[in-house]
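Residue numbering restarts at 1 for every chain, and letters A, B, ... go by the order of the sequence lines.
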Amino acid sequence: MALPYPPPPLAVPSSYPFHFLPSSSDPPYDILRTHPSLSLLSNCRTHQSLRETHAQMVKTGLHNTNYALSKLLELCVVSPHFDGLPYAVSVFETIQEPNLLIWNTMLRGLASSSDLVSALEMYVRMVSLGHVPNAYTFPFLLKSCAKSKTFEEGRQIHAQVMKLGCEVDRYVHTSLISMYARNGRLEDARKVFDTSSQRDVVSCTALITGYASRGDVRSARKMFDEITERDVVSWNAMITGYVENGGYEEALELFKEMMRMNVRPDEGTLVSVLSACAQSGSIELGREIHTLVDDHHGFGSSLKIVNAFIGLYSKCGDVEIASGLFEGLSCKDVVSWNTLIGGYTHMNLYKEALLLFQEMLRSGESPNDVTMLSVLPACAHLGAIDIGRWIHVYIDKRLKGVTNGSALRTSLIDMYAKCGDIEAAHQVFNSMMHKSLSSWNAMIFGFAMHGRANAAFDLFSRMRKNGIEPDDITLVGLLSACSHSGLLDLGRHIFKSVTQDYNITPKLEHYGCMIDLLGHAGLFKEAEEIIHMMPMEPDGVIWCSLLKACKMHGNLELAESFAQKLMEIEPENSGSYVLLSNIYATAGRWEDVARIREVLNGKGMKKVPGCSSIEIDSVVHEFIIGDKLHPQSREIYRMLEEMDVLLEEAGFVPDTSEVLQEMEEERKEGALRHHSEKLAIAFGLISTKPGTKLTVVKNLRVCRNCHEATKLISKIYNREIVARDRTRFHHFRDGVCSCCDYW
DNA sequence: CAACTTGTTA
């Protein structure tokens with residue numbers, strides 16, 4: 001997976017090759033309107049044909065008329081066939097005296113590109129050149145504000161609207177409502193709504209959307225019921241409103257009611273309903289709609305609907321069909337790419353997601369904020385920090401001022417933290433102007449994961465000083481910080497304050513952290529008291545953490561009962577069997593080990609293989625235990641031998657008790673030596689310059705043995721080694737680990 | 001010219 005790094009220089013919009021004479025006044029309108037070159041414009045479906053038609057215009061002198069130019073720009077800006085905005089901008093910059101229509105057209109283009117800063121700059125430029133905005137100007141500008149969720153700018157635009165008396169315009173009025181509604185300012189939206197006696201469907205629909213996105217489905221429904229003449233879009237808005245709030249049943253019910261009332265569904269309806277199916281897992285209804293669409297409505301060629309189907313199948317587990325639909329598209333748009341990438345991420349197919357992302361870049365499609373929001377979690381899971389850094393640079397350069405700036409940065413924090421670079425995560429966090437609660441949470445979790453409980457708590461007090469109320473997730477973050485660092489008393493204190501100080505009902509995760517802390521400390525009684533006290537059933541994670549605690553404290557009896565529970569809840573999870581068998585092995589009870597192994601084999605369950613990966617030069621290399629598949633396998637094993645010699649010289653004695661099977665000591669050592677993380681480290685050592693930090697990601701937890709070995713390796717080779725296991729990070733440096741052997 | 005489709009943190 002090689003990405004150009006550092007990212008290629010940004011492509012400057014191709015500069016326009018012609019010189020323009022200052023445009024005086026346009027020739028008579030009738031001549032222009034019927035000019036053959038202009039009728040060619042509407043047939044342009046590609047960038048190339050657009051350029052050709054533009055050349056024609058230059059030949060015939062049309063390029064010196066504002067009328068023809070406005071038509072050209074309009075086409076660039078609204079064409080669904082290609083992204084003509086960069087071309088529009090470069091043409092625009094050459095126009096000597098753009099008229100209001102041209103300014104408005106540019107604003108129209110920028111409004112749909114979700115680049116608020118450019119739109120505002122364009123508006124300021126226009127006004128400072130003495131142009132007076134009209135009723136066509138504001139809807140575009142307000143749409144920009146609505147899309148980028150910037151209420152302050154929106155309010156200033158509102159003031160301008162009032163100054164010019166434009167608020168009586170129907171379109172401006174609706175745009176204002178929509179802007180406030182989309183910013184979550186429903187009271188302001190409602191105020192604007194009430195200033196007019198005209199209750200047109202469009203305004204009502206804007207309010208429905210606003211109420212719904214705030215989670216107030218009841219007000220949305222009330223609004224919906226008040227509309228006397230519903231059109232398709234208002235039905236769609238209500239359906240979408242239900243979908244957004246998890247009311248899939250209601251959404252599908254409303255869809256059926258709509259069909260009964262003979263309202264013909266349009267593209268938007270199907271997209272909303274399919275999204276409801278995708279998110280609720282109603283693959284059956286989705287398939288029905290698929291048949292319906294294919295048979296009657298002739299929507300088969302609609303890109304939006306095909307995209308919706310890709311979303312449906314990829315989220316409901318039929319990735320094959322989804323990618324088939326995707327491949328079958330002759331013309332993919334950015335949403336098609338995003339949907340499938342998001343589907344892969346949703347199905348935990350992270351490698352596929354990254355590969356598709358790279359294919360997207362090669363295809364020339366420009367990723368947007370949504371793309372990055374789907375790709376970054378994949379990087380985070382795989383530890384693909386080079387790609388993550390590339391994306392970071394891309395965001396800073398290309399996605400400046402974009403709608404989801406805060407969400408993007410939060411996702412970056414998470415990516416850096418999970419890829420082992422907690423400093424980079426912290427830097428992103430500190431650079432954020434508007435920190436959302438999610439960004440604070442992501443940072444707290446990052447510190448917790450890295451065993452830096454102090455930093456997590458410092459951050460929490462900083463957050464409180466900033467007047468931000470923590471939510472349930474914040475407190476899970478703090479508790480997990482305690483549990484990763486073994487801070488039992490602090491954990492108890494926080495756990496109490498969840499209900500007492502913050503008035504939050506503890507969820508399973510809060511109990512889980514507390515139980516983990518108690519188990520770790522060997523306080524099994526107290527842990528079991530919590531289990532009895534909590535209002536819900538413990539999940540597999542809780543039993544598993546108790547089982548691990550039993551292993552630490554050598555409590556065989558309890559281990560058996562916890563393992564029993566775990567097997568009841570998650571009979572498919574081979575991990576519980578392996579863990580229990582390891583506990584028996586530690587106690588030397590080999591008959592029990594053999595018995596467990598038989599059960600495992602009998603059920604046809606496979607042990608989840610330990611898998612470690614390391615990213616070298618933007619390529620993620622994966623290793624499984626004893627794996628010889630890597631092209632440089634021979635060098636890797638030679639390195640392993642060298643490492644073992646040096647380890648032995650340093651006095652390292654492998655602890656062989658954790659191996660699943662009972663076998664001769666020598667073979668056991670062999671199996672341990674080839675644990676996947678060691679292969680990854682060996683590969684890292686031979687593939688990087690001396691002194692380079694190595695970062696390894698493992699799907700399971702590190703075993704004691706590898707942990708000890710890695711500590712020594714960091715000293716022997718003078719390398720900082722960062723290892724992420726299933727739950728947390730270990731920073732090995734100079735023979736010690738940041739976890740202080742507590743994990 | 002406005003209202004309805006892709007998405008992030010635990």
Side-chain angles (χ1 to χ4, degrees), chain A residues 74 78 101 104-105 107-108 111 134-143 146 169-179 181-182 200-210 212 231-241 243 266-276 278 302-305 307-308 310-311 314-315 333-343 345-346 368-377 380 403-404 406-415 417-418 436-446 448-449 471-477 479-480 507 509:
Chain A
E74 185 185 9
V78 300
L101 179 60
N104 284 345
T105 307
L107 283 173
R108 181 178 178 186
N134 64 7
Y136 282 77
T137 312
F138 292 114
F140 302 130
L141 212 48
L142 289 166
K143 188 181 179 182
D169 180 86
R170 195 159 54 97
Y171 287 92
V172 176
H173 184 244
T174 331
S175 301
L176 277 169
I177 296 170
S178 172
M179 182 274 293
R182 290 231 259 171
D200 59 311
V201 212
V202 184
S203 306
C204 294
T205 310
L207 278 179
I208 291 173
T209 311
D231 63 358
V232 209
V233 183
S234 54
W235 282 92
N236 295 354
M238 197 59 234
I239 292 175
T240 313
V243 176
D266 72 348
E267 205 185 46
T269 322
L270 291 171
V271 171
S272 291
V273 176
L274 285 172
S275 153
S302 151
L303 184 55
K304 285 179 189 177
I305 290 181
N307 285 345
I310 294 174
S314 70
K315 286 205 180 60
D333 70 352
V334 67
V335 178
S336 326
W337 291 95
N338 291 351
T339 307
L340 191 57
I341 292 175
T345 313
H346 189 84
N368 63 9
D369 47 345
V370 179
T371 320
M372 298 318 191
L373 288 172
S374 303
V375 179
L376 281 171
T403 321
N404 284 307
S406 161
L408 279 171
R409 262 150 236 289
T410 303
S411 209
L412 280 174
I413 293 172
D414 180 64
M415 180 278 294
K418 290 207 175 117
S436 66
L437 179 57
S438 320
S439 15
W440 289 94
N441 287 349
M443 196 65 235
I444 289 177
F445 270 94
M449 225 185 320
D471 64 355
D472 53 335
I473 294 155
T474 318
L475 289 151
V476 176
L479 285 171
S480 83
K507 299 214 170 71
E509 288 87 345

When you measure from the side chain of [X], which nucleotide among [options] comes out closest?
| X | options | result |
| --- | --- | --- |
| A:S411 | B:dC4, B:dT8, B:dA2 | B:dT8 |
| A:V202 | B:dT5, B:dC4, B:dA3 | B:dA3 |
| A:S178 | B:dT6, B:dA3, B:dT9 | B:dA3 |
| A:T410 | B:dA3, B:dT5, B:dT8 | B:dT8 |
| A:S438 | B:dT6, B:dT9, B:dA2 | B:dT9 |
| A:D231 | B:dA2, B:dT6, B:dA3 | B:dA3 |
| A:N441 | B:dA2, B:dT9, B:dT6 | B:dT9 |

Once you apply a heavy-atom cut-off of 4.0 Å, does [X] come out as touching a base, just sugar-phosphate, or nothing?
| X | value |
| --- | --- |
| A:A135 | base |
| A:L376 | nothing |
| A:Y171 | base |
| A:A407 | base |
| A:V476 | nothing |
| A:K507 | nothing |
| A:P377 | sugar-phosphate |
| A:F445 | sugar-phosphate |
| A:D414 | sugar-phosphate |

What is the minimum heavy-atom distance between [X] and [Y], and which atoms define it?
| X | Y | answer |
| --- | --- | --- |
| A:I310 | A:L340 | CG2-CD1, 3.9 Å |
| A:V172 | A:A135 | CG2-O, 3.5 Å |
| A:K304 | A:V271 | O-CG2, 3.9 Å |
| A:N441 | A:D471 | ND2-OD1, 3.2 Å |

Whole angstrom is fine here: how far is it from [atom1] in [X] over to [atom2] in [N]?
| X | N | atom1 | atom2 | value |
| --- | --- | --- | --- | --- |
| A:R170 | B:dA3 | CZ | C1' | 12 Å |
| A:R409 | B:dT9 | CZ | C1' | 15 Å |
| A:I305 | B:dT6 | CD1 | C1' | 15 Å |
| A:D169 | B:dA2 | CG | P | 12 Å |
| A:I473 | B:dT8 | CD1 | P | 14 Å |

